[in-house]
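Right, one structure below, let's go through it.
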Amino acid sequence: MELNPQQRKAVEHTGSHVLVLAGAGTGKTMTIVARAAWLIAQGVHPSRILLLTFTRRAAREMIGRLRSEVGKKASRVLAGTFHHFCLLTMRRMPRQFEMEKETVIDRDDQIQLMRLARARFREKGRSFPSASKLVNACSYARNTNRPLREYLERYSDFDPEMVEKIIDCIAEYNKRKKVSRYLDFDDILFRFARILHQVPSVRDKLRGMYDHLLVDEMQDTNPLQWLILDGLRDPAELFCVGDDAQSIYAFRGADFRNVHSFTERVPRSVVLRLEENYRSTQEILDLANWLLEESPLGYDKHLRANRGKGILPRLIDFDDRFEEATWVTEDLVERHEGGATWSDHMVITRSARAARHLEAVLVEMEVPYRFIGGTQLFQSAHVKDLLCLIRSAVSHRDELAWVRYLTLWRGIGDVTAARVVEGLRERQSGEEAAAWLRDNWSKDPRVLKGLDLVVEHSEAPAEVVERSGEFLAPLLEKKYPNWNARKSDLELLARLARRHRSLTSFLQTYALDPVSRTDARRLEGEDAVTLITAHSAKGTESPVCYLIKVEPNMYPHVRSLGNFDEEEEERRVLYVGMTRARDELILTRSCTWGSKTVFWGGATAAHSAGGVAYLLHGIPDGIVKREVGVLQETDSGDGTITPWRDV
DNA sequence: AAGCTCTGCTTTTTT
DNA sequence: AGCAGAGCTT
């Protein structure tokens with residue numbers, strides 16, 4: 001691996017903790033991999049290195065790269081997200097971490113459980129926050145390690161009486177979680193951090209496990225994660241890499257200012273910088289630099305391209321979203337016909353929803369693509385239905401799964417389901433529970449047959465998925481009008497299940513490592529265009545990048561308007577998007593918004609004082625090549641083009 | 001106790 | 001425009 005002097009200095013640094021402040025494209029990943037390789041070359045045993053990344057995807061990628069540097073030894077390095085690392089460690093030390101075969105639940109399940117907890121607190125005529133709002137509030141408080149009460153009092157506008165009710169409701173949620181032995185995402189970090197900090201023997205043991213902690217995307221770690229790093233360091237040394245301008249996870253409790261106070265928080269530490277950009281051409285960086293300079297927050301970033309000059313980014317205006325999507329697709333096709341591979345192209349979207357026009361056209365024109373981010377396979381309703389049947393058979397305490405499975409049946413509603421859950425809860429073991437259910441079941445006998453089916457084949461997850469899919473098909477067909485479109489997802493699920501030898505491993509793996517539908521469908525390495533959310537795009541790159549819907553209400557997103565910090569975070573989201581491009585950056589936007597009624601306030605929403613309504617407003621001439629989008633075939637219409645108007 | 005219908009609310013981003 | 005929840009009907 002070739003390193004520049006700055007990178008080498010970071011990689012070979014010894015004797016203190018390090019924060020490497022690295023701008024976009026300055027070789028962050030390479031530096032971390034090189035650091036690991038260098039440590040191993042210095043004689044550090046790979047198992048003494050812990051590599052914490054932001055996504056599983058990033059972890060896989062880094063281990064892959066490390067393997068090509070140091071060979072098989074690479075897989076001895078433990079690499080994963082904070083959540084993975086914590087869960088794995090807790091499962092290995094179940095007694096110390098009070099683990100009792102907990103089921104990890106995702107956000108959907110959390111909301112469902114909160115809904116149950118919330119029911120008691122609703123009064124007619126008075127509004128009570130929605131389940132998802134409650135989940136968010138409680139999650140944010142925990143991730144920022146603040147008492148819930150303090151968070152509600154200081155950062156929300158609920159009146160004191162409401163605050164009390166919310167606190168009670170969340171207490172009820174926590175109680176239910178405990179009874180059902182659920183662990184939500186926050187619990188994983190929280191329990192780990194709590195015991196790490198409060199049980200000295202565990203702390204000593206864990207601190208003795210690693211000599212080097214390598215942390216990627218430091219700017220997006222939240223206080224709870226900081227606490228974990230803090231508890232694990234010394235003698236283990238921190239090697240953290242991050243970029244304040246790419247902090248885009250404030251909604252998860254991250255604060256980009258944290259990297260600025262690194263040396264105060266971590267005694268005996270230094271900050272190093274990487275400033276040379278190896279990814280993009282200067283023109284692309286000029287645009288990204290301009291965007292940051294427009295910010296009232298001083299980022300003190302000015303990326304310089306090691307590669308030199310290239311093509312000016314393009315900013316293309318379209319009449320409507322459909323034309324925009326069609327143009328992008330046609331452009332992709334044209335490039336592909338010209339000999340380019342699909343995989344050299346990445347389309348970046350602000351939200352999963354915002355990509356739906358494009359997805360429609362890509363499908364129509366048969367362009368292979370994979371979607372990263374957004375709704376995952378495991379979150380779609382029909383897949384959940386099937387998984388809940390399996391979960392019910394696996395655990396008699398999995399309240400949410402039971403309710404979902406039971407109410408799938410005609411003639412069974414929440415009252416009956418609640419009664420069953422109640423009864424199951426009393427039983428000590430799965431066998432006892434099964435026997436109890438058999439003896440007390442008076443409804444449709446097929447309900448039990450489904451459960452038996454799973455138990456019978458529990459050694460072969462793929463078979464379970466296939467058979468229960470067939471079993472549930474008649475029910476699901478009735479439930480979902482577009483069943484035919486959904487059916488293929490169950491085949492994907494079976495394919496994923498084939499990799500597992502037990503149902504628990506199958507269920508556990510995908511709780512923390514969701515798979516997108518297109519991902520599951522495509523074989524690894526198959527040539528395809530990448531369609532990706534800006535958030536998921538962090539850490540990736542591509543020769544040609546399209547940034548679609550770079551419009552008012554999208555950048556910044558309407559939801560952030562009126563809040564200065566959130567608007568500025570949107571700037572960083574756009575910055576992340578722009579800096580993914582190696583050779584070509586194409587921004588597209590359209591000036592009409594699909595449906596006429598913009599129900600969420602739309603363009604009328606006001607931006608904050610000192611903030612901006614639209615991040616590309618006032619973009620200077622010459623920094624991008626402005627074009628009016630013209631479709632190849634459809635030159636019809638009335639012969640006019642509606643010009644773009646800044647809002 | 002279930003099931004159906006209508007209203008109203010929502011749509012950011014992720015482990 | 002699409003879905004979830006409330007409330008009404010069976």
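Note that the coordinates shown come from a computational prediction; the quantities given were computed from them, not determined experimentally. Numbers restart at 1 for each chain; the letters A, B, ... are given by sequence-line order, proteins then strands.
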(request) Counting heavy atoms from C-beta on, name the nucleotide in B:dT14, B:dT15, B:dA1 closest to the side chain of A:R419. (result) B:dA1
(message) Tell me if the centroids of the rings in A:Y575 and A:Y299 come within less than 6.0 Å of each other.
(response) no
(message) Is it true that A:N136 and A:K133 share a donor-acceptor pair across their side chains at a distance under 3.5 Å?
(response) no
(request) Could you pull out the closest heavy-atom pair between A:H197 and A:L227, with the gap in Å? (result) NE2-O, 2.7 Å
(request) Please check if any side-chain donor atom of A:Y182 sits under 3.5 Å from a side-chain acceptor atom of A:Q110, or the reverse. (result) no
(message) Distance check needed: B:dT13 P versus A:Y555 OH, whole Å only.
(response) 11 Å
(message) What is the separation between atom CZ on A:R356 and atom C1' on C:dG2, rounded to the nearest whole Å?
(response) 10 Å
(request) Return the value, rounded to whole Å, for the distance between atom NE2 of A:H83 and atom P of B:dT14. (result) 14 Å
(request) Could you check which of B:dT15, B:dT14, C:dA4 has an atom nearest any side-chain atom of A:F185? (result) B:dT15
(message) From CZ of A:F371 over to P of B:dT13, roughly how many Å is that when rounded to an integer?
(response) 8 Å
(message) Quick check on DNA chain B: between A:R559 and A:D186, whose nearest nucleotide comes earlier from the 5' end?
(response) A:R559
(request) Measure from the side chain of A:V415, starting at C-beta and using heavy atoms only, and say which of B:dT11, C:dA4, B:dA1 lies closest. (result) B:dA1
(message) One thing to verify: whether A:R257 and A:D244 come together as a salt bridge, which I'm taking to mean a side-chain N less than 4.0 angstrom from a carboxylate O.
(response) no
(request) Give the nucleotide from the list C:dA4, B:dT14, B:dT11 with an atom nearest to the side chain of A:H557. (result) B:dT11
(message) Rounding to an integer number of Å, can you tell me how far A:H84 NE2 sits from B:dT15 C1'?
(response) 9 Å
(request) Would you please determine if the base of B:dT14 is stacked by A:F251, with stacking meaning a centroid separation under 5.5 angstrom and planes under 30 degrees? (result) no
(request) Just say parallel, tilted or perpendicular for the rings of A:W409 and A:Y405, cut-offs at 30° and 60°. (result) perpendicular
(message) Tell me whether A:W402 contacts the main-chain N or O of A:L424 through its side chain, where contact means a donor paired with an acceptor under 3.5 Å.
(response) no
(message) Heavy atoms only, 4.0 Å cut-off, all strands: where does A:F82 land among base, sugar-phosphate and nothing?
(response) nothing
(message) Nearest to the side chain of A:R353, heavy atoms from C-beta on, is which of B:dT13, C:dG5, B:dT11?
(response) B:dT11
(request) Report yes or no: is the cationic atom of A:R146 (NZ for Lys, CZ for Arg) closer than 6.0 Å to the six-membered ring centre of A:Y151, at no more than 45° off its axis? (result) no
I'd like a table of atom pairs between the protein and nucleotides 3-9 of chain B - only N or O on both sides, under 3.5 Å - with the distance next to each one.
from: B:dG3; atom 1: OP1; to: A:G411; atom 2: N; distance (Å): 2.6

(request) Quick one: stems involving DNA chain B, counted as three or more successive Watson-Crick or G-U pairs, both distances short of 3.5 Å. (result) B:1-10 with C:1-10
(request) Considering only atom C1', compute the distance from B:dT13 to C:dA4 and round it to an integer number of Å. (result) 23 Å
(message) Among B:dT14, C:dA4, B:dT10, which nucleotide has an atom closest to any side-chain atom of A:K133?
(response) B:dT10
(request) With heavy atoms under 4.0 Å as the rule, sort A:T55 into base, sugar-phosphate or nothing. (result) sugar-phosphate
(request) Please state how far atom CZ in A:R118 lies from atom P in C:dG5, giving the value in whole angstrom units. (result) 8 Å
(request) Examine A:F54 together with A:Y249 and report whether their ring centres are nearer than 6.0 Å. (result) yes
(message) Between P on B:dT13 and CZ on A:F256, what's the gap in Å once rounded to a whole number?
(response) 22 Å
(request) Check the distance between C:dC3's P and A:I111's CD1 and give it to me in whole angstrom. (result) 16 Å
(message) Can you see whether A:Y140 has A:R252 sitting over its ring - NZ or CZ less than 6.0 Å from the centre and within 45° of the normal?
(response) no
